[in-house]
There are 2 protein chains.
Amino acid sequence: MRADRRPTLTDVARLAHCSPITASRAINTPGIVSVDLRERVMAAVEHLGYRPNLNARALASTRTHVVGVIVPSLAQHIFSDVLRGVYDAVQPTPLRVHLGNTHYDPAEEERLIGEFLRHKPAAMIVSGIDQSPLARSMLADAGCPVVQMMDLTGDPIDRVVGFSHVDAGYKMTRHLIDQGYRRIGYLFLVGWMNTRSVGRLQGWQRALEEAGLYDPSLLMTRTSKDPEGQSRQQRGEVITPLHARAGLRELLAMTPRVDAVFCNNDPLALGVLFEAIAQGLRVPEDLGIAGFNDSDMILGAHPSLTSLRTPRYEIGFRAVEEALAVIQGQPNPEPIIDLGTEVSFRKSTDRCGRLPMDEAVGRT
Amino acid sequence: MRADRRPTLTDVARLAHCSPITASRAINTPGIVSVDLRERVMAAVEHLGYRPNLNARALASTRTHVVGVIVPSLAQHIFSDVLRGVYDAVQPTPLRVHLGNTHYDPAEEERLIGEFLRHKPAAMIVSGIDQSPLARSMLADAGCPVVQMMDLTGDPIDRVVGFSHVDAGYKMTRHLIDQGYRRIGYLFLVGWMNTRSVGRLQGWQRALEEAGLYDPSLLMTRTSKDPEGQSRQQRGEVITPLHARAGLRELLAMTPRVDAVFCNNDPLALGVLFEAIAQGLRVPEDLGIAGFNDSDMILGAHPSLTSLRTPRYEIGFRAVEEALAVIQGQPNPEPIIDLGTEVSFRKSTDRCGRLPMDEAVGRT
DNA sequence: ATCTGAATTGGTAGCGCTGTCATTGTGATT
DNA sequence: AATCACAATGACAGCGCTACCAATTCAGAT
C-alpha cells in the first residue's frame, strides 16, 4: 500500500497471507471460507481500515448496492416522511439510495427509471401504482426487485407496500356519518389530481352512496386558475391552506347545507378550519372537518383536527426491508403489504351526542 | 457490440472509425478534437444510444460526478425545500446527488462525510457552518469544492451560501418594534436548539437591546420534557404547532404584559395563533405573532401570519451552481453568498395606527 | 491403494473507462 | 530546406474488484 492511497483488497490479501480473490470471498461471502482465513482477513481489514471501492465492485460485478428511489415530489411533507423511512431503513445496510424526483411528470418518471436502470440497481422503489406502460415494462425487465409504494393494487409489477386509498376515504367518510354528519362535502384540488387522490374520492363516494347520502354537488373540485399547460404539481407548487379557503366558500355557496368537509389532505383541512373561523362557523357543531394524512402541521389546531393517519414513514421503511429480503433471497411470500390506516379522531368531528343532526342541518 | 449488452465506448469508436480513447476525448473534451471527428463520434453515440458507464469512469479517473449533500433532517420541510432546489439544479447537469441525513448528530455527520469522501465526490454540500473540528478538517482536505449552506459565516471552509440568521432575527424584531409592539417575546424550543436558531435569538435580543426593550423574561425556552439523552431532533421528531400552545401559556403566565411573540419557526407561530384563538386574544391587537421561514403551511391562516421569508429553495439551487462553477474552473470570486431575507408582512402583526400601544399593553 | 467429490484456495482475465505517454501530420519559423 | 511548435490521434497500461475456471487438499467410498 502506497502511503498516499487508501488500502485496496490486494493490501488486505498481502497482510492476511492469501490471494486477493480469497480475501474478496472472505469479505463478501464469509460462509464459504475457513474460519481461520476469515479471521485473518477480518483482522487485516480492521488493521488497514480497508473499505471496498464501490465503483470497482460495481464495474466488476455488474451488480451494485444502489437502490433507486423515485418519488413524485420533494415539496410535499408526505414524501419527506416516506424518505425518512427509506433512509433510516437503509442506514444499517450496505445499500445506498439514489433519489429521483419526477415532479409528477410521467415522461420524467420514464426517463429517471431508464437512467437508474443503467446503473444496475440492487432494487427499485417507486411511488404509486400508475406507472406508464413503458415504465411498467422497464421495471418488469429490470432484473431486480421492484417495490411500488404508497398505494395498493391487485396487480403489482413485483411487490407493493402501502394502503388502500379507497378504503381510507371510505373509512373517514364512515366516521363522519357515524358522528351524525349527513351532508359531507369533499374538497379536492384538480391541479393536484393523481390516482391516490382519486381513490380517496371514490371511497368517500361509496360510503355516501351506501348510506344513501350521496349528492354530486357535495364534491368541490377546485380547478387551478392558471391556464398554463403544466399542472401546479409539476411546477413544484405545493398545496397550502390558502387554496382551501376559497374552496370552502364556493362549496358553501354551491351547497349551503353542507355540515362536514372531508379534505383531500391536511393543508386543506387547516385552510377550511381557518375559513370556518373567519366565517364564524362553529367547529364541529356547524361544520365537521376531517383531513388526510394526520401530518404534524395539524397537531395543535384549535379545535383539534380529525385526520386519517397514514403510515408514511413505515411505508418507506418497509419498502426497503421488502427489497432487501428479495435481494437476500428470503422474500416475503405475500407480495402485497397493506399497512392500513386509522382515523385520528379529534374535536373537529366530535359531534356525538352534542348536537342533534337536525339542528346542524338547519344552520345555513 | 454483443446483442445482450449496452454499447460501450469501444462500440462507439468502431462505428466512428477511431480509437476508443479518441472517442472518449470527443465526448468529454470536445474542444480538443477535430470537428469532423467530433461529429462522427456524436453521430455514433446517438445511433447506438451510448451512455457512459459511470462506475467505470469513476474507477478509471478517480473523479466522479457525485455531489455529496448532507442535511440534518428530512423531517423538516425546511430541508425539503432546500433539497428541491438541489435536485432541480442538478437535473440538467451530469452530476448525481448522494444524500445523507445526520439527524442532527455531529458524530453521524462525521461518519457520513468520511463515507462520502471515500467516493471522491465532485463536490460536497453540507448544512450549517458549525461542523465539528474533525468534520471541518476532513472537508478542508477533501480535494473538491465544499459548499456550506443555510447559514453565513466569516470563516467558511471553502464557500458558503445562505443568509444571516442573526440579521433575520434582528429584521423581524425591528419590524415588530416598528409596528408598535413593545413587549416582544421569543418562543424557542430547547430540544431543537442549533446554531441557526441561536442566531435568530441573538438578532432578537440585539434589536430589543438597541431599542431599550430587552427583558430576559421575554424569552420562553421550552425544555423538552423527555429526560432521555438524545434531543428530540435526533429522534426524528418534528416541531408541531402543539409544542407552541403550552409555550405561549407559560410565556403569558411568566410575563403577562407580552404584546407580541416572535416564533422560532412557522409551526410554532401556527400553534401560538391557535392558542391565542383558544384564549380569545385578538390578533394582532392583543397579540402580534411572527413566524420564521414563511413556509407554505401558514398561508391561509386567519388572520394571515407575518413571517420571515427565507430563500430555502434558492439556497439549494445556488449551492449546486456554486459547486459546479468551481468544478468547471470558473468560480465566483466571492466565497460568501448572502441571499438575504425579507419580512412577509401580513395581518398578524399589522397593528399600525389601529390600536395605540398603551391599550394593548394594558390587556393582560 | 485408488477413486470420487466436496471444501477450500488460487490464477487469469477482464468489467469500461481514462491518465500518460508516444506518434503522426501540418504549417510556421529560421 | 531544415527545424520547430503544436494540434490531432493512437497505444498501453491500469483503476480495484470479481466471474469463471483450475488446482489443491482431504475425507470417505470402492
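Residue numbers begin at 1 in each chain, while the letters A, B, ... track the order of the sequences.
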Starting from P on D/dG16, measure out to CG on B/N53 and report it in whole angstrom.
17 Å
Side chain of B/R57 - closest among D/dA19, C/dC17, D/dG16
C/dC17
Scanning both residues in full, the closest heavy-atom pair of A/I315 with A/V161 reads CG2-O, 3.8 Å
Indicate for each nucleotide in nucleotides 8-14 of chain C, in 5' to 3' sequence, whether protein heavy atoms under 4.0 Å reach the base (B), only the sugar-phosphate (S), or nothing (-).
-BBB--B
Result of checking B/D158, B/D130, B/D155 against B/R136 for salt bridge (Lys or Arg N to Asp or Glu O under 4.0 Å):
B/D155
By side chain to side chain donor-acceptor pair (under 3.5 Å) - contacts of B/R159 (at least two apart):
B/E322
From CG of A/D11 across to P of D/dG16 the rounded distance in Å is 9 Å
Does B/N28 put a side-chain nitrogen or oxygen below 4.0 Å from OP1 or OP2 of C/dT18?
yes
Quickly work out the A/D36 CG to D/dT25 P distance and round it to whole Å.
17 Å
Counterpart residues, salt bridge (Lys or Arg N to Asp or Glu O under 4.0 Å), relative to B/D141 (two or more places apart)
none
List in chain and number order the residues that pass salt bridge (Lys or Arg N to Asp or Glu O under 4.0 Å) with A/R38, two or more places apart in sequence or in another chain; answer none if no residue qualifies.
none
Could you check how far CZ of B/R38 sits from C1' of D/dA8, rounded to whole Å?
12 Å
Take atom CZ of A/R51 and atom C1' of D/dC17, then tell me their distance rounded to the nearest Å.
15 Å
Only one of B/T195, B/V82, B/V71 clears side chain to side chain contact (heavy atoms under 4.5 Å, CB included) with B/M150; which?
B/V82
Could you give the side-chain donor-acceptor pairs of residues 28-37 of chain B under 3.5 Å, partners two or more places apart or in another chain?
residue : atom : partner : partner atom : Å
B/N28   : OD1  : B/R57   : NH2          : 3.2
B/N28   : ND2  : B/S24   : O            : 3.1
B/N28   : ND2  : B/S24   : OG           : 3.3
B/T29   : OG1  : B/R25   : O            : 3.3
B/S34   : OG   : B/L37   : N            : 3.3
B/D36   : OD2  : B/R40   : NH1          : 2.7

According to side chain to side chain donor-acceptor pair (under 3.5 Å), who are the partners of B/R312, at least two apart in sequence or on a separate chain?
B/D81, B/T310
Closest approach to the side chain of A/L59, judged atom by atom: which nucleotide of D/dG16, D/dC17, C/dT18 is it?
D/dG16
Can you list the residues that meet the side chain to side chain donor-acceptor pair (under 3.5 Å) rule with B/T64, with sequence neighbours excluded?
none
Rounded to the nearest Å, what distance is computed from the CG atom of residue B/N55 to the P atom of nucleotide D/dG14?
22 Å
Angle between the end axes of the helix from C/dA1-D/dT30 to C/dT30-D/dA1, five pairs per end, to the nearest 10 degrees?
50°
Under the rule for salt bridge (Lys or Arg N to Asp or Glu O under 4.0 Å), what residues qualify as partners of B/E39, not counting sequence neighbours?
none
Phosphate OP1/OP2 of C/dC17: any B/S61 side-chain N/O under 4.0 Å:
no
Tell me every residue that passes ring-ring contact (aromatic ring centres under 6.0 Å, His included) with A/H65, counting only those two or more places apart in sequence or in another chain.
none
Between protein and nucleotides 4-6 of chain C, what N or O pairs are separated by less than 3.5 Å?
none

Using a cut-off of less than 4.0 Å, is there contact between a side-chain N or O of A/S24 and OP1 or OP2 of D/dT18?
yes
d(CD1, B/I27; C1', C/dC17) in whole Å:
10 Å
Please list, one pair per line, the donor and acceptor atoms closer than 3.5 Å that link side chains of residues 85-97 of chain A to other protein atoms, with sequence neighbours excluded.
residue : atom : partner : partner atom : Å
A/D88   : OD1  : B/H103  : NE2          : 3.0
A/D88   : OD2  : A/Y313  : OH           : 2.6
A/Q91   : NE2  : B/E108  : OE1          : 3.4
A/Q91   : NE2  : B/E108  : OE2          : 2.6
A/T93   : OG1  : A/V90   : O            : 2.8
A/T93   : OG1  : A/L95   : N            : 3.1

